[in-house]
Amino acid sequence: MLFTLSSLKVGEVAVIANLMTEQGLHHRLSALGIRPGRQVSLLRRAWFSGPLHLRVGTTELMLRHQEAQQVYIRSAYLGVDE
Amino acid sequence: MKQVAVLGMPNTGKSTFFNRLTGASASISNWTGTTVDLMMAQVQLGEEQAEVIDLPGIYDLRGFSEDEEVVRQVLKSTPLHLVLLILNTSQIDRQLSLAIQVKHLRLPTVLLLNMADEAPKFGVVVEVEKLGAELGMPVVLMSAKHGQGYTIACQVIAEMLHRQQESVIATLLEDQLVPDRQIAEEMGNLLQRTVSAPKQLKENRTSRLDQVLLHPLWGLPIFFAAMFCMFQLVYTLATPIQDILQQGLDGFKQMALIPLIAGLPTFLQAFLLEGLYDGLGTVAAFIPVIVLFFLGMAVVEDSGYLARSAFLMDALMARLGLDGRSFVMTLMGFGCNVPAIMGTRVMRSPGLRLLTMLVIPFSLCSARLTVFIFMTAALFSPSVAPAVLFSLYLVSFAAAILTAFLFRGKYPNQEPLVLELPPYRLPTLRQMLLRSWHEVRHFLRFSYRFIIIGVVLIWLLNHLPTDVPVASAESLSGLLGEVTQPFLAPLGITPQLAVTLLFGFIAKEVVLGGLAVIYQQSGDTALMGAIAHQINWAQAYSFMLFTLLYTPCLSAIAVLKSESKSHQFTLLSVAWSLGLAWLSSFVFYQTVQLLGLV
């Protein structure tokens with residue numbers, strides 16, 4: 001079952017399955033580490049349905065809902081600090 | 001001379017490295033074949049004299065942003081002897097993609113893994129030798145900020161440069177770009193063999209700070225409080241320095257200048273003293289404010305806090321048709337509008353970019369700030385003055401929001417927003433001083449000749465023709481001021497003030513210099529007294545409102561024109577800000593009069 005990144009809850013970790021974005025955004029997301037197979041965690045959401053604060057590997061980034069809906073993920077689970 | 005290009009992703013400390021390599025010698029110039037200004041410097045690297053250019057930070061050689069286009073243009077058209085590729089060591093898990101792209105260009109390259117001092121904190125370990133062998137380029141770990149590994153990096157660079165006799169041009173760049181699938185595969189293999197990094201990151205200083213600073217409720221109030229404190233700190237520190245400077249300038253005039261030019265004709269004496277020296281001196285005394293301001297902005301930016309403000313403000317900005325980056329640019333505009341307008345290049349959507357460019361000129365820049373500090377000190381008591389100044393900042397924000405709200409339909413924006421949030425870092429003193437030096441020099445270079453011309457012209461208008469009383473209604477400036485009265489009298493702006501406004505169109509510092517020249521007073525206190533004698537507080541506030549909102553300066557207009565590449569847009573920006581300025585001052589002044597507050 002695939003979800004999109006925007007359905008992720010704060011504190012959850014998921015594996016990126018697929019990017020269904022236009023090419024320019026695809027390049028940008030890939031360069032920032034959002035690639036199929038990578039683990040992504042949602043750190044927080046901004047107020048008034050503002051952007052998502054995500055972490056992939058050692059990189060933290062912000063992404064709006066609209067774009068997060070184009071990134072598909074699988075197997076969300078609650079993240080634990082190692 | 002050999003040519004070297006510095007290439008890298010944004011937020012990798014690329015500029016810090018460039019500054020360390022070139023010292024304070026670098027300057028912005030127009031790179032042949034492109035329409036963009038790039039930082040450039042000549043440096044001795046080992047036995048070789050080299051010209052080094054700092055390319056804009058990019059994410060992907062195939063990207064569609066203007067910066068990415070510029071880099072492709074330069075690489076395709078410039079014979080290079082060496083490419084210095086800068087990546088962030090702790091983020092090598094994603095940034096290696098750029099190294100793979102550059103590898104396929106077959107340009108002579110040195111890979112510099114910067115911020116290596118941070119990598120252990122993230123648990124990232126890179127096997128440098130192995131990575132270098134696989135990529136076919138030397139790899140060096142270093143910290144451009146603190147200097148570790150820098151000497152070795154320089155040796156490797158010098159050696160490579162010495163060996164590279166022939167220059168190479170990546171003319172076939174487009175054909176050499178590899179598809180995404182191949183990048184992902186090569187990157188996966190490389191990372192597996194040469195890099196070890198934890199799968200999930202532990203709690204660290206940044207995540208603990210973010211819990212407070214990005215708090216859904218307190219995040220924004222904290223941010224604005226922090227900015228307010230910074231402004232307060234700048235005034236508190238700058239005011240005494242400014243007083244000392246002004247006293248020094250006056251002392252020099254009394255002790256040295258007046259005796260020195262005593263033999264000259266009276267007209268020329270007056271011109272040199274009251275025109276040139278007093279005018280320029282009044283402006284020069286405000287340089288500490290400007291320097292400290294840029295220093296403060298540099299700290300906020302380099303600490304990583306400024307990027308966070310984009311996160312905090314994006315929800316609001318999206319409703320105005322803008323995004324978090326527009327907010328960051330607008331804040332940068334509080335230093336100087338010109339670099340802020342140029343900063344919109346990172347935006348791809350023309351609508352978003354134009355709307356942001358329309359909003360930036362309302363940012364109360366440091367040049368306007370000098371006028372307001374001066375005027376508020378002249379006409380308001382010390383207890384009220386800070387509140388008056390603060391109200392002007394609120395007006396500045398309100399004008400920006402109103403403009404975005406009114407014009408968002410005209411400039412629609414669908415650009416996605418993806419921004420990196422770098423970890424919090426403590427900037428070093430060296431880094432800060434060098435950065436603010438670059439910015440202040442840029443700022444002065446832009447405005448100084450305008451100030452001189454403006455001040456000289458205002459003086460001449462006041463003193464010509466020579467057979468009428470100085471600055472009287474019959475003088476040229478008096479006549480010029482009278483012409484504006486049908487428009488400006490309803491705003492409470494006198495003919496004298498109107499003349500400074502006319503010249504303030506060139507640069508806002510001219511307003512200040514112009515006031516000094518028109519009221520023929522040297523020294524802040526005397527000038528303030530003279531002004532306070534002639535106008536009341538409502539006229540002063542109306543004048544400040546107008547100064548705040550109408551066109552920032554000639555440089556800003558020139559940049560608006562060159563960045564938008566549209567006469568129509570530039571005209572719209574000038575006309576809208578002029579109209580808004582007139583309307584705001586009119587409403588304010590007439591309301592105050594009606595209410596009988598003056």
Side-chain angles (χ1 to χ4, degrees), chain A residues 5-6 10-71 77-82, chain B residues 9 58-60 62-65 68 88 90-95 97-98 118-119 122-124 180 183-184 187-188 197-203 206-207 210-211 214-217 219-220 307-308 310-319 323-324 348 414-423:
Chain A
L5 205 49
S6 73
V10 174
E12 280 185 340
V13 182
V15 176
I16 294 159
N18 205 358
L19 308 185
M20 302 291 278
T21 62
E22 48 98 17
Q23 215 181 4
L25 183 58
H26 194 284
H27 290 160
R28 178 60 50 88
L29 289 174
S30 301
L32 283 165
I34 308 263
R35 289 174 182 274
R38 296 293 307 266
Q39 273 194 355
V40 58
S41 55
L42 180 62
L43 301 182
R44 63 175 53 77
R45 290 162 183 273
W47 67 332
F48 288 124
S49 55
L52 313 178
H53 182 179
L54 301 164
R55 181 189 283 152
V56 187
T58 46
T59 302
E60 290 182 17
L61 60 136
M62 61 181 270
L63 192 64
R64 279 182 174 172
H65 272 275
Q66 209 183 337
E67 283 80 56
Q69 277 166 2
Q70 301 163 16
V71 178
Y77 52 87
L78 214 56
V80 273
D81 284 328
E82 283 168 65
Chain B
M9 284 207 186
I58 59 158
Y59 286 103
D60 195 308
R62 301 161 304 172
F64 299 129
S65 73
E68 284 159 329
N88 179 348
S90 46
Q91 298 184 338
I92 194 168
D93 59 337
R94 65 175 175 87
Q95 299 198 346
S97 59
L98 191 61
E118 286 181 359
F122 291 101
V124 175
D180 215 38
I183 295 177
M187 199 163 95
K199 263 201 153 169
Q200 275 290 309
L201 217 56
K202 282 179 292 202
E203 276 271 296
T206 294
S207 52
D210 272 342
Q211 275 170 16
L214 293 186
H215 190 274
L217 219 59
L220 265 186
R308 259 84 184 168
F311 177 80
L312 292 168
M313 288 296 289
D314 189 61
L316 183 65
M317 300 311 272
R319 283 164 179 78
D323 72 23
R348 259 185 68 203
Q414 267 96 38
E415 181 164 337
L417 177 72
V418 189
L419 272 188
E420 202 186 328
L421 297 173

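Chain naming here is simple, since letters A, B, ... match the order of the sequence lines and numbering starts at 1 in each. What's counted below: heavy atoms across the whole structure, side chains too, no hydrogens, waters or symmetry copies.
- In plain terms, the two heavy atoms of Asp93(B) and Val56(A) that are nearest each other are OD2-O, 4.4 Å.
- The 12-atom threshold is exceeded at CD of Glu22(A), counting heavy atoms of other residues, nucleotides or ligands nearer than 6.0 Å.
- Arg35(A) is listed as a side-chain neighbour of Ile183(B), based on a closest heavy-atom distance under 4.5 Å.
- A pairwise comparison of heavy atoms in Glu415(B) and Arg64(A) identifies O-NH1, 4.1 Å as the closest pair.
- With a 4.5 Å cut-off on non-hydrogen atoms, His65(A) does not touch chain B at all.
- Neither the backbone nor the side chain of Ala197(B) comes within contact range of chain A, judged by heavy atoms closer than 4.5 Å.
- Residue Ser65(B) holds its OG atom at 11.5 Å from NE2 of His27(A), rounded to the nearest 0.5 Å.
- Within the 4.5 angstrom heavy-atom criterion, no atom of Gln70(A) approaches chain B.
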Item to check | Pair Ser30(A)-Asp180(B), side chain to side chain contact (heavy atoms under 4.5 Å, CB included): steps then yes or no | outcome: CA-CA 9 Å; Ser30(A) 301; Asp180(B) 215 38; 3.8 Å; yes

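- For the pair Phe48(A) and Leu316(B), the minimum side-chain heavy-atom distance is 4.5 Å or more.
- The nearest pair of heavy atoms linking Thr59(A) to Arg94(B) is OG1-NE, 2.6 Å.
- Across every non-hydrogen atom of Pro51(A) and Phe311(B), the tightest pair is O-CE1, 3.5 Å.
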Next on the checklist: Go through it in stages, so that I can follow the logic: the residues are Leu43(A) and Asp210(B), the test is side chain to side chain contact (heavy atoms under 4.5 Å, CB included), and I'd like the CA-CA distance, side-chain angles, deciding distance and then a yes or no.
Outcome noted: CA-CA 10 Å; Leu43(A) 301 182; Asp210(B) 272 342; 5.9 Å; no

Item to check | side chain to side chain contact (heavy atoms under 4.5 Å, CB included) between Arg28(A) and Glu68(B), worked out | outcome: CA-CA 11 Å; Arg28(A) 178 60 50 88; Glu68(B) 284 159 329; 3.8 Å; yes

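- Using a 4.5 Å cut-off between heavy atoms, Met313(B) does not touch chain A at all.
- Proximity to chain A is absent for every atom of Asn88(B), based on heavy atoms less than 4.5 angstrom apart.
- Using a 4.5 Å cut-off between heavy atoms, Leu29(A) touches chain B through its side chain atoms alone.
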Next on the checklist: The test is side chain to side chain contact (heavy atoms under 4.5 Å, CB included); show your working for Gln211(B) and Arg44(A) and say whether it passes.
Outcome noted: CA-CA 9 Å; Gln211(B) 275 170 16; Arg44(A) 63 175 53 77; 3.8 Å; yes

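- Heavy-atom pairs under 4.5 Å with chain A peak, among Asp323(B), Asp314(B), Asp60(B), at Asp314(B).
- Residues Arg319(B) and Ser49(A) approach most closely at NH2-OG, 4.0 Å, considering heavy atoms.
- Taken to the nearest 0.5 Å, the NE2 atom of His53(A) stands 6.0 Å off from the CZ atom of Arg308(B).
- Proximity to chain B is limited to the side chain of Arg38(A), based on heavy atoms less than 4.5 angstrom apart.
- For the pair Ala315(B) and Trp47(A), the tightest heavy-atom approach, listed with the atom from each and the gap, is CB-O, 3.4 Å.
- Interface residue Glu67(A): only side-chain heavy atoms are found under 4.5 Å from chain B.
- If you take CG on Leu63(A) and CG on Leu417(B), they are separated by 8.0 Å, rounding to the nearest 0.5 Å.
- Interface remark: Leu214(B) contributes backbone and side-chain atoms alike to the contact with chain A (heavy atom separation under 4.5 Å).
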